[in-house]
Every structure is written in C-alpha cells, then in structure tokens.
Amino acid sequence: MVKIKLPGGIERKYKDKVTVRNVANDISTKNRGSAIAGKLNSTLVDLDYAIETDTKLDLVMDNSEEGLEILRHSTAHVMAQAVTRLYPDVKLGIGPSIKDGFYYDFDLGRTLTQEDLEKIEEEMKRIIGADEPFKRSEEPREDAIKRMEKLNQRYKVELIKGLQDQTVSFYTQGDFIDLCKGPHVSSTKKIGAFKLLSVAGAYWRGKETNPMLQRIYGTVFTSKKELDKHLKLLEEIKKRDHRKIGVALDLYSFQDNAGAGLVFWHPKGGVIRNIIETFWREEHYKRGYDLIYSPHIAKIDLWKKSGHLDFYKESMFSPIDVEGQEYILRPMNCPFAILMYKTKIRSYRDLPLRWGELGTVYRYERSGVLHGLLRVRGFTQDDSHIFCRPDQLKDEIVGVIDLAQYMLESFGFKEYEIELAVRGMGEEEKYTGDSEKWVLAEEALRSALEEKELDFVRMEGEAKFYGPAIDIKIKDALGRGWQGPTIQVDFNLPERFDVNYIDSDGLQHKVVMVHRTVLGAMERFLGCLIEHYAGDFPLWLAPTQVRILPITDKHNDYGIRIKNKLSEMGIRSDCDLRNAKIGYKIREGTLEKIPYLLIIGDKEIEEETVSVRSRKKGNEGSVPLSQFIERVEKTVKDKA
RNA sequence: GCUGCUGUGGCUCAGGGGUAGAGCACGUCCUUGGUAAGGACGAGGUCAUGGGUUCAAAUCCCAUCAGCAGCUCCA
C-alpha cells in the first residue's frame with residue numbers, strides 16, 4: 001500500500017507502486033493546465049517516476065514557474081541534440097534553464113552565425129516533431145566517465161569527475177544522450193513555441209583562463225501566443241533603453257574623441273541633473289549634513305596609506321607624473337574627507353559630523369564592461385562620510401536608510417532589493433583590518449536593517465575592502481539590478497589614518513566612519529531614471545515643462561508673451577515659432593515627451609487663455625493662463 | 001580584457017573594387033493651417049582612424065578606436 005498526500009488535504013491510496021503520471025491522471029487538473037512533472041517532498045521528479053513509499057506529492061503544471069523551468073531545460077537538451085546532429089564533433093558544455101529562457105554552451109572549434117541559428121532551429125523543429133520520449137537512466141560514476149570519454153566529451157567528463165555521487169543520471173531522447181539531473185518533459189513533442197535568440201562567447205565554467213565556448217541563448221513557452229508576448233516585451237524593453245532615449249531626447253552623449261565611458265551632459269540632461277542635485281543638497285542640509293568639496297587628484301602616498309593601492313589597484317587609472325611626483329586620479333572620495341577631519345582636534349561633542357559631497361571619481365573599467373550611463377569611467381557619487389562615536393553608529397545608519405528610502409521614493413522607485421554585503425570566507429587577502437571590527441560593523445548594519453524591518457539578502461564576498469555594506473539595487477529596463485544607494489561601515493580607514501576624537505574621559509578614541517550614497521552615482525541614477533520613466537519625466541524633472549504652439553505666425557507675439565511670463569514664474573518653457581501646421585507642432589512636442597503643450601490662436605488671444613494639451617490626457621480645453629500656472633506650480637511642488 | 005557582430009550626412013538605415021543613396025531632421029520659398037506629419041526647392045558625407053593589397057578601396061586584408069550581445073570583472 002502506497003499513501004500519497006496531495007495538496008488541499010487530498011489523500012490517495014494505491015495497492016502497488018504508482019507513477020506520478022498515473023496519479024495525475026487520476027485527479028482532475030483540467031483547470032490548472034497539464035502536469036509536466038512531480039514534486040516529492042520538494043524534490044522534482046519525472047512523470048514516469050514510480051512512487052513506492054508513502055509520500056507528499058505536488059504536481060508541477062506546465063504553466064507554473066517550475067514547469068516552465070523544466071520546459072526550458074528540456075528545450076536546451078533538444079538544442080544540444082540538434083547541434084550534435086549538425087556538428088558531430090561538438091563538445092558539449094552545460095545547458096541550464098535561466099530566467100526567461102535557457103542556454104547551452106558548445107565547443108565547436110568555430111563560431112556560430114545567425115544563419116547557423118536558423119539551421120539549428122529547423123533541426124530542433126524536426127526533433128520536436130518526431131515526438132521522442134525523454135528517458136532517464138542511471139549508471140555508476142566510473143561507467144559514466146568511461147561513456148563520456150568514449151564519446152569524446154571532455155567537458156562532461158570533467159563535470160562527472162566533479163560530482164560526489166556514486167551514481168549519475170542521464171537523459172536520452174532519440175539518438176542523443178546527456179548528463180543530467182532532470183527532470184524533463186516526457187517527450188520532445190511537449191516543447192511548445194521556442195526561439196533561439198542570440199549567440200555569444202562564454203568561458204567554460206566562467207573562468208577567464210578556460211577556453212571560450214559558444215553559448216546559444218533561447219527562450220520557450222507553452223504556446224506561440226506566450227512566446228510572441230515575450231518577444232514583444234523584449235522589443236518594448238529595448239525602446240525603454242536609456243541609451244536610445246538619451247539620444248532621442250538629447251540628454252547626453254559619449255564622444256569617441258574624448259574616450260569611452262566619459263559622459264557629456266547636454267543642456268537638457270544638465271537640467272535634470274541640476275534639479276536632482278539641488279533637491280539633494282536641500283534635503284541634506286535639512287537632515288544635518290554639511291556639504292564639502294575636495295580635489296579630484298592626489299599624491300600616490302595618500303592612496304598607499306588608505307589601502308587603495310593594495311586593494312583597489314585594478315580599478316584605478318595609472319599614476320600621472322607631476323614634476324617627478326606621482327599623482328592618482330581619485331577612485332573614491334573617502335581619504336579626502338579624512339584629511340579634512342584631521343585638520344583639527346575633534347571632541348565627542350562635535351560628533352556626528354555628516355559631510356556630504358557630490359564627488360566625481362574616476363575608475364578604470366575594462367572596455368567590455370562599459371554600459372551606457374550605468375557603467376562609466378568617470379562619475380559623480382552623491383557621497384557622504386559620517387564620522388561618529390560607536391554609540392551613535394546604529395542611529396546614523398538608520399538615518400541614512402531613511403534618507404535613501406525618501407530619495408528613491410521621491411523619484412518613483414518603489415521596488416528595489418537590499419543586500420547585506422559581507423566578507424567572503426577564505427578570501428581574507430581581499431580585505432583590510434581585523435576580524436572583530438568586521439563583526440562589529442556587520443552587526444551594526446544588520447541591526448539597523450532589522451530595526452527598519454527591511455528584508456535583505458546576505459551576500460558573502462561582496463563587501464568593500466575596508467568594510468561591510470548595505471547595498472540597494474535598483475533595476476534597469478532589462479530587469480538587471482544596478483547598485484544605487486550603499487551604506488558602508490568602516491572601522492579600518494580610521495585605524496589606517498589614525499582618526500580620533502576626544503571623549504568625555506579626556507582620552508583619544510577612534511571614530512567610526514560611515515561611507516554612504518543615497519542615489520549611488522548621478523550618471524547611473526539618471527540612467528535608471530530615464531528607463532524608469534521611459535523618458536516621460538514627471539513635471540518637476542522634465543527638461544522642458546511647457547511648450548507654446550502658436551497656430552499661425554500672427555499668434556507668435558502672444559506666444560512669446562506667455563513664454564516670458566512662464567519664465568518669470570520659473571517654469572521651463574519654449575515657444576515653437578516655426579512655420580508649420582499645428583498638427584505637426586503637436587506631433588513633435590508629443591514625441592519630445594513635453595508634459596504640457598499650450599495651443600494658442602485667435603480664440604485664446606481674445607479670451608486671454610491658453611488651450612492645454614497634457615501628455616497624460618490630451619486636449620483639455622482652454623483655461624486662463626493664471627489658472628494653468630497654478631496647476632503647474634502645484635504639480636511641481638507635489639513631484640507628481 | 002575575452003568571443004562574436006557592427007561603424008556610410010544630425011538621426012534611422014540601404015548600397016558595395018571604378019570616385020556616394022533614401023526617409024526623417026535642417027535651410028529657403030509657397031502655404032496661415034485649431035489638437036500626432038501640407039507642398040516645392042536646397043544645403044550637408046575625406047563612407048570611424050591608420051596602414052596594406054590593387055591601375056583603382058567606402059567596398060578586400062591588418063591594426064587601432066568606438067558601439068552592441070554575452071562572458072569575466074566591478075559593486
């Protein structure tokens with residue numbers, strides 16, 4: 001007798017062992033889709049898996065996240081089969097399912113082209129049409145190694161040798177066998193609508209010193225409709241790309257003649273950045289910060305002392321010779337704040353000192369990692385260094401979290417992920433300072449997060465070289481997370497630079513430093529912001545808030561008068577005086593994503609009004625200018 | 001940095017061993033038009049840069065620079 005507990009308190013009894021498929025057939029799953037695999041006490045198994053003992057069983061449906069994962073994985077196998085048929089000498093790497101799709105790595109001794117992908121797709125369709133069942137088999141490790149050696153699959157041999165288990169499993173479909181834990185769909189026919197998307201190089205096992213394999217990316221869904229929906233989404237995401245919008249809206253550029261990763265902010269991008277920076281400064285003064293400025297370059301000895309030369313060298317530009325002295329372009333601002341702190345003796349009464357700085361730094365990033373505004377070589381951190389006593393540390397961290405949340409909220413970012421970045425095990429050489437201090441620092445960060453009741457993930461090996469950090473990730477159009485705000489606790493640089501204060505006991509004590517940003521870097525933040533709003537900036541950030549569109553040139557004077565009035569009120573506006581029809585001017589203003597277009601003609605001049613066309617609602621009819629100005633002022637104030 | 005792809009007027013892109021094309025944008029003129037493209041004419045490019053092959057290179061080859069997709073890195 002086998003007792004099987006199903007979700008919803010259902011229990012079924014079978015006389016003998018029974019396959020997952022049988023159980024699935026016995027219960028109605030019609031309204032949930034079709035079963036693709038089973039889950040026994042959280043272990044995924046094939047439909048053909050025979051259940052022999054009492055257990056809990058969940059059915060995995062083809063339209064569930066887990067079901068899709070299995071489907072993607074199976075499609076990767078089919079792709080490998082197709083590639084093996086077309087290129088018999090291929091050496092197979094790995095082929096997992098990933099978010100939204102799958103990939104498989106191949107060593108072909110040559111590179112693949114778009115045409116190759118089409119051929120592979122066709123072969124895959126043939127395999128799917130042949131309705132080949134996926135069959136699971138198991139064999140002893142040693143036999144498996146021999147089998148793969150015989151097939152001349154060196155990467156697979158390496159994989160098996162890395163496994164601990166004495167038995168390894170394979171999956172076979174048709175003429176193709178692959179090392180795999182499973183589970184898989186029952187047959188190739190179950191694979192719905194797929195598409196191969198791209199091919200790129202990828203190092204074997206992600207190691208730079210290993211050979212580079214050809215990685216083919218693809219995606220698959222249960223139906224063509226869903227696939228098309230996904231492909232459309234990819235298109236939409238592309239349109240949102242800040243690199244496209246940045247050019248279209250004339251916000252910024254990169255210049256070949258100047259160098260990669262160096263941003264030129266055009267006037268319109270400059271306006272946005274300026275508004276953000278003004279807002280940032282005001283908010284900091286409100287919260288008890290002082291703002292400072294420091295140089296962009298300093299003697300190499302400073303960077304030796306700070307530890308940057310030992311721990312951060314790879315990200316720094318080479319030294320510059322100045323009259324026989326070596327200088328370094330700063331990759332961080334912290335040593336400068338420390339030098340400034342040390343210009344006098346500080347009392348415990350002076351602390352905390354919160355010093356903010358929009359500090360431009362330069363980091364050497366390898367050419368291949370540069371990415372629009374999100375990864376650049378010169379950028380401005382909205383930095384701050386807080387010098388405090390140990391007893392003030394937690395409150396300071398909480399204060400920074402508050403500020404970071406307020407900032408992100410103000411810019412409409414409702415979703416972000418929080419990580420607690422700590423040292424990695426066994427990589428002590430990457431970090432400076434003694435362990436106790438690291439424990440203290442992590443403790444302070446963690447307790448602040450707990451006090452704020454924020455969810456976070458602990459990330460090992462992600463700390464800065466001088467201390468652990470809270471890292472807040474904001475997302476780009478492709479869903480990739482980019483580090484924005486960061487809060488780092490540092491007991492180490494105060495040690496290195498001997499940064500003290502006199503406590504009430506009259507003795508010197510080491511200060512604790514908090515390094516933090518609440519936006520991250522202006523460049524990256526703007527990049528994320530562009531994608532977040534898809535270029536439709538809210539009124540308070542829009543480079544041009546209002547455009548006046550005279551219907552004919554005899555209305556131009558009135559248009560200019562309105563423009564001047566708006567300018568007096570601090571509203572950013574322009575007036576389209578071109579000899580063009582109104583529909584044309586409206587189209588251009590719309591494409592430029594200007595929040596308000598004011599159309600003026602005979603009627604408006606006579607009534608002293610403006611006809612409002614808003615980006616959100618379209619034609620809203622005529623209102624007196626004063627009423628429109630009030631509306632704009634209120635919307636700006638509300639950051640709506 | 002690595003693998004692959006790409007680089008043609010401000011933008012999007014076609015072409016391709018014999019001395020450059022389209023649409024949009026821009027300028028002038030006609031038109032004075034009421035809520036997403038009126039018309040005509042015109043100007044604008046050493047085809048990324050530097051070498052090489054060739055009678056001849058924007059086109060083929062090499063290098064460099066830059067961009068794109070990944071990998072690695074960074075955080």
Side-chain angles (χ1 to χ4, degrees), chain A residues 93 98 103 105 107-108 110-114 116 197-217 238 241 243-244 247-248 250 253-262 312 314-316 331-332 363-372 374-377 379 381 419 421 430 459 461-465 469 471-473 478 480-486 488 517 520-521 524 549-556 578-592 597-604 611-615 617-622:
Chain A
I98 51 171
Y103 69 79
D105 288 344
D107 188 347
L108 285 156
R110 69 172 193 102
T111 56
L112 292 165
T113 62
Q114 198 59 38
D116 291 320
L197 296 173
S198 61
V199 56
Y203 301 110
W204 167 238
R205 299 201 137 177
K207 264 221 162 108
E208 249 177 309
T209 47
N210 283 346
M212 186 163 271
L213 312 180
Q214 295 284 300
R215 174 172 297 177
I216 303 179
Y217 285 91
K238 256 192 207 159
D241 195 315
R243 292 166 299 182
K244 268 228 145 71
V247 174
D250 195 16
S253 66
F254 292 95
Q255 300 295 326
D256 281 12
N257 318 344
L262 303 168
Y312 207 69
E314 282 179 13
S315 298
M316 290 155 72
M332 290 190 196
R363 296 184 184 172
Y364 166 66
E365 303 279 9
R366 296 203 284 174
S367 57
V369 306
L370 299 171
H371 184 90
L374 302 181
R375 190 90 180 259
V376 291
R377 284 182 173 155
F379 55 98
Q381 294 182 306
E419 294 178 356
K430 280 171 69 182
M459 301 292 280
E462 304 284 297
K464 325 295 150 174
F465 75 81
D471 286 336
I472 300 179
K473 310 259 170 165
L478 293 162
R480 289 179 287 209
W482 293 90
Q483 182 169 320
T486 177
Q488 305 153 10
T517 66
R524 179 175 287 181
L549 309 180
I551 286 179
T552 75
D553 51 18
K554 70 174 189 260
H555 309 118
N556 282 357
R578 290 177 307 173
N579 175 10
K581 287 175 103 170
I582 194 66
Y584 185 85
K585 293 182 181 179
I586 288 170
R587 178 181 153 82
E588 291 233 320
T590 308
L591 290 177
E592 283 180 51
L597 302 176
L598 299 183
I599 290 119
I600 52 167
D602 291 338
K603 190 174 139 238
E604 284 73 22
S611 173
V612 178
R613 186 185 168 95
S614 72
R615 189 176 58 202
K617 289 190 193 151
N619 187 2
E620 298 186 20
S622 298

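Note that this is a predicted model, so its numbers are computed, not measured. Lettering of chains follows the sequences in order, A, B, ..., and the numbering in each one begins at 1.
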_Does A:E314 have more than 12 heavy atoms from other residues, nucleotides or ligands lying within 6.0 Å of its CD?_
no
*With distance as the sole criterion, do the side chain of A:R375 and the base of B:C73 form a donor-acceptor contact below 3.5 Å?*
yes
*Both distances under 3.5 Å, Watson-Crick or G-U wobble: report the partner of B:U3, or none.*
B:A69
*asked:* When the P atoms of B:G15 and B:A48 are compared, how many Å lie between them, rounded to an integer?
replied: 15 Å
*In terms of side-chain heavy atoms, does A:Q381 have a donor or acceptor partner in A:T517 at a distance below 3.5 Å?*
no
*Could you say whether A:E208 or A:G259 is positioned toward the 5' end of RNA chain B, judged by the nucleotide with the nearest heavy atom to each?*
A:G259
*Would you call the rings of A:W482 and A:H371 parallel, tilted or perpendicular, where under 30° means parallel and over 60° means perpendicular?*
parallel
*With respect to the side chain of A:S367, which nucleotide from B:G1, B:C71, B:G33 is positioned closest?*
B:G1
*Take A:E462 and A:I551, find for each the nucleotide of RNA chain B with the closest heavy atom, and name the residue whose nucleotide sits nearer the 5' end.*
A:I551
*asked:* Please report the distance separating the P of B:A14 from the corresponding atom of B:G38, rounded so that it comes out in whole Å.
replied: 28 Å
*Proximity to the side chain of A:D256 - top-ranked nucleotide from B:U35, B:A66, B:A37*: B:A66
*At under 4.0 Å between heavy atoms, what does A:K473 touch on the DNA or RNA strands: base, sugar-phosphate, or nothing?*
base
_Interatomic distance, A:K585 NZ vs B:U32 C1' [rounded to whole Å]_ = 10 Å
*Quote, to the nearest angstrom, the P distance that separates B:C13 from B:U6.*
14 Å
*Do A:E604 and B:G34 have a side chain to base donor-acceptor pair shorter than 3.5 Å?*
yes
*Tell which nucleotide pairs with B:C60, taking only Watson-Crick or G-U wobble pairs whose two distances are both under 3.5 angstrom.*
B:G52
*What interatomic distance, in whole Å, is found between C1' of B:A37 and the corresponding atom of B:C26?*
16 Å
_Side chain of A:Y217, heavy atoms from C-beta onward: which of B:A37, B:G70, B:U32 has the nearest atom to it?_
B:G70
*Closest approach of A:P331 and A:M316, non-hydrogen atoms and distance?*
CG-CG, 3.5 Å
*Minimum-distance nucleotide (side-chain atoms of A:L591 versus B:G38, B:U3, B:A36)*: B:A36
_Rounded distance in Å between the C1' positions of B:A58 and B:G17_ = 10 Å
*asked:* Starting the side chain at C-beta, find the nucleotide from B:C26, B:U31, B:A36 nearest to A:T590.
replied: B:A36
*Short question: side chain of A:R215, backbone of A:Y103 - any donor-acceptor pair under 3.5 Å?*
no
*For B:C47, which nucleotide in any strand shown is its Watson-Crick or wobble partner with both distances under 3.5 Å?*
none
_Test your reading of the model: is there a side-chain donor-acceptor pair from A:K585 to the backbone of A:I551, 3.5 Å cut-off?_
no
*In the strands shown, is B:G23 matched to any nucleotide by a Watson-Crick or G-U wobble pair with both distances under 3.5 Å, and which?*
B:C11
*asked:* Using a heavy-atom cut-off of 4.0 Å across all strands, would you classify A:G206 as base, sugar-phosphate, or nothing?
replied: sugar-phosphate
*Under a 3.5 Å cut-off for both distances, is B:A40 Watson-Crick or wobble paired, and to whom?*
B:U28
*Considering only the C1' atoms, how many Å lie between B:G44 and B:U64, rounded to the nearest integer?*
29 Å
*asked:* Given the structure, check if the side chain of A:R366 and the base of B:C74 hold any donor-acceptor pair shorter than 3.5 Å.
replied: no
*Taking 4.0 angstrom as the limit, do A:E462 and A:K473 come out as a salt bridge?*
no
*Please work out if A:S611 contacts a base, only the sugar-phosphate, or nothing of the nucleic acid, heavy-atom cut-off 4.0 Å.*
base
*If the C1' atom of B:G42 is compared with that of B:U46, how far apart are they to the nearest Å?*
23 Å
_A:D241 and side chain to side chain donor-acceptor pair (under 3.5 Å): which single residue from A:K238, A:R243, A:K244 fits?_
A:R243
*What nucleotide, of B:G34, B:A69, B:G1, holds the atom closest to the side chain of A:I599?*
B:G34
_Nucleotide paired to B:G34 in any strand shown, Watson-Crick or G-U, under 3.5 Å_ = none
*Between the base of B:G1 and the side chain of A:Y364, is there a donor-acceptor distance below 3.5 Å?*
no
*asked:* If you only use heavy atoms from C-beta on, which nucleotide in B:A37, B:G70, B:U31 is closest to the side chain of A:N579?
replied: B:U31
*How far, in whole Å, is B:U28 from B:C47 if one measures between their P atoms?*
30 Å
*When you measure from the side chain of A:I586, which nucleotide among B:A36, B:A66, B:G34 comes out closest?*
B:A36
*Which of these nucleotides, B:C68, B:U32, B:A36, is closest to any side-chain atom of A:R613?*
B:A36
*How long is the line joining CZ of A:F254 and C1' of B:G10, in whole Å?*
19 Å
_From B:C73, B:A36, B:U35, nucleotide with atom closest to A:N619 side chain_ = B:U35
